[in-house]
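Throughout, protein chains are lettered first and strands after them, A, B, ... in sequence-line order, and every chain is numbered starting at 1. Below, each value reflects all heavy atoms present in this structure, side chains not excepted, and no hydrogens, waters or symmetry copies.
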Number of protein chains: 2
Amino acid sequence: MPESFKNGIVERVFRNFLDLMILRLVQIEPMWGYKIIKHVEEQHQIRLRHGALYPLLNKLEKSGFLRSKKETKGGRIRKIYEITSKGIQLAEAYDEFLRGELKKNESTKILQE
Amino acid sequence: MPESFKNGIVERVFRNFLDLMILRLVQIEPMWGYKIIKHVEEQHQIRLRHGALYPLLNKLEKSGFLRSKKETKGGRIRKIYEITSKGIQLAEAYDEFLRGELKKNESTKILQE
DNA sequence: TGAGATATGTCCGAAACAGGACATATTGTA
DNA sequence: TACAATATGTCCTGTTTCGGACATATCTCA
């Protein structure tokens with residue numbers, strides 16, 4: 001039961017915060033769309049639809065959260081995305097919120113023990 | 001700029017994870033719907049519509065994540081919600097995910113420094 | 001040569017969702 | 001006595017979103 005909860009949560013986070021998940025992923029290691037899909041599939045057992053991902057990547061680049069450079073690997077074109085300083089700011093804001101939320105619950109747990 | 005990012009994120013979290021936000025709030029201190037609205041307004045400057053909250057509270061109770069007891073305070077009926085053990089399990093799963101996500105980015109920051 | 005993998009892109013219809021309106025009842029205060 | 005606050009509830013409608021389909025191109029391996 002507790003494990004199934006976790007799967008559902010991971011799915012929800014990727015559905016609703018896909019942009020932030022991508023920013024954090026790309027912050028750790030610059031990547032192209034196809035690799036992001038495979039990476040998320042492996043790491044979280046979650047199917048990302050490319051029909052949702054590619055438009056989002058383009059949107060994030062237009063908004064200045066990501067920048068891309070094209071690389072040709074054996075005839076195939078890859079658009080490798082990097083996080084920008086604006087993107088880092090957004091990711092940081094998210095982290096700050098998460099840290100704050102966790103802190104709240106840590107103190108609750110101490111009270112309940 | 002960085003502050004406005006944070007407001008947007010808090011809003012998004014409350015929109016998409018309202019159930020989990022409620023579970024955590026009620027875990028810290030049992031509350032009734034109206035108080036939850038006022039509390040979130042004060043703490044986060046976010047308007048929660050009761051038309052979304054009350055059906056959700058009922059749904060969370062039906063699903064066994066919350067339990068309620070009725071209290072009459074000066075003629076007005078309050079349904080005070082408490083978290084159940086199942087609710088705690090769900091909140092824990094969420095926390096676990098958040099901790100994992102934060103850990104990932106902590107190591108990235110060290111690499112970038 | 002044909003299938004599967006790599007790689008990126010658009011588009012449409014159905015389903016989910018949010019915000020505001022509708023609804024009711026009590027209490028306190030101007 | 002009428003309005004604001006407390007308190008809980010449903011419902012409809014317009015918008016947003018999502019999954020799947022459509023589209024294209026290259027490479028590798030059987």
Check: protein-nucleotides 10-17 of chain D nitrogen or oxygen pairs below 3.5 Å:
none

| request: Measure across B/M21 and B/Y94 and return the closest heavy-atom pair with its distance rounded to 0.1 Å. | output: CE-OH, 3.8 Å

| query | Quick one: B/M31 CE to D/dA7 P, roughly how many Å, whole number? | reply | 13 Å

| query | Under the salt bridge (Lys or Arg N to Asp or Glu O under 4.0 Å) rule, what pairs show up with a residue in residues 92-101 of chain B, not counting sequence neighbours? | reply | A/K6-B/E96, A/R24-B/E101, A/E106-B/R99, A/K109-B/E92, A/K109-B/D95, B/R24-B/D95, B/E101-B/K104

| query | Taking only residues two or more places apart in sequence, or in another chain, which ones meet A/T84 in a side-chain hydrogen bond (donor to acceptor under 3.5 Å, both in side chains)? | reply | none

| request: Could you tell me the separation between the OG atom of B/S68 and the OH atom of B/Y81, rounded to the nearest 0.5 Å? | output: 5.0 Å

| request: Using atom CG of A/L56 as one end and atom C1' of D/dG19 as the other, report the distance to the nearest whole Å. | output: 15 Å

| task | Could you state the atom-to-atom distance from CG of B/L48 to P of D/dA7 in whole Å? | result | 16 Å

| note | For A/K62, the side-chain contact (heavy atoms from CB on, under 4.5 Å) test, sequence neighbours excluded, returns none

| To the nearest 0.5 Å, how far apart are CG in B/L60 and CG in B/L66? | 5.0 Å

| remark: B/K70 meets the side-chain contact (heavy atoms from CB on, under 4.5 Å) criterion, sequence neighbours left out, with B/I77, B/K79

| task | Scan residues 69-77 of chain A against DNA chain C and write down, sorted by residue number, each residue with any heavy atom closer than 4.0 Å; if none is found, say none. | result | A/R76, A/I77

Could you pull out all donor-acceptor pairs under 3.5 Å where a side-chain atom in residues 29-52 of chain B meets a protein atom, sequence neighbours excluded?
unit_1, atom_1, unit_2, atom_2, d
B/E29, OE2, B/K35, NZ, 2.9
B/Q45, NE2, B/E42, O, 2.9

| field | Side-chain heavy atoms of A/L53 within contact of A/I22, under 4.5 Å | value | yes

| Span of DNA chain C in contact with chain B (heavy atoms, under 4.0 Å) | C/dA18 to C/dT27

| said: Among residues 33-46 of chain B, which ones have heavy-atom contacts with DNA chain C below 4.0 Å? | reply: none

| request: Hey, could you give me the CD1/CD1 distance between A/I88 and A/I83, rounded to the nearest 0.5 Å? | output: 5.5 Å

| field | Any residue meeting side-chain hydrogen bond (donor to acceptor under 3.5 Å, both in side chains) with A/R76, in chain and number order, not counting sequence neighbours | value | none

| task | Quick one: which residue pairs count as a salt bridge (Lys or Arg N to Asp or Glu O under 4.0 Å) with a foot in residues 8-19 of chain B, not counting sequence neighbours? | result | A/R12-B/D19, A/D19-B/R12, B/E11-B/R15

| remark: Taken in chain and number order and not counting sequence neighbours, the residues that satisfy salt bridge (charged side-chain N to carboxylate O under 4.0 Å, His left out) with A/R67 are A/E82

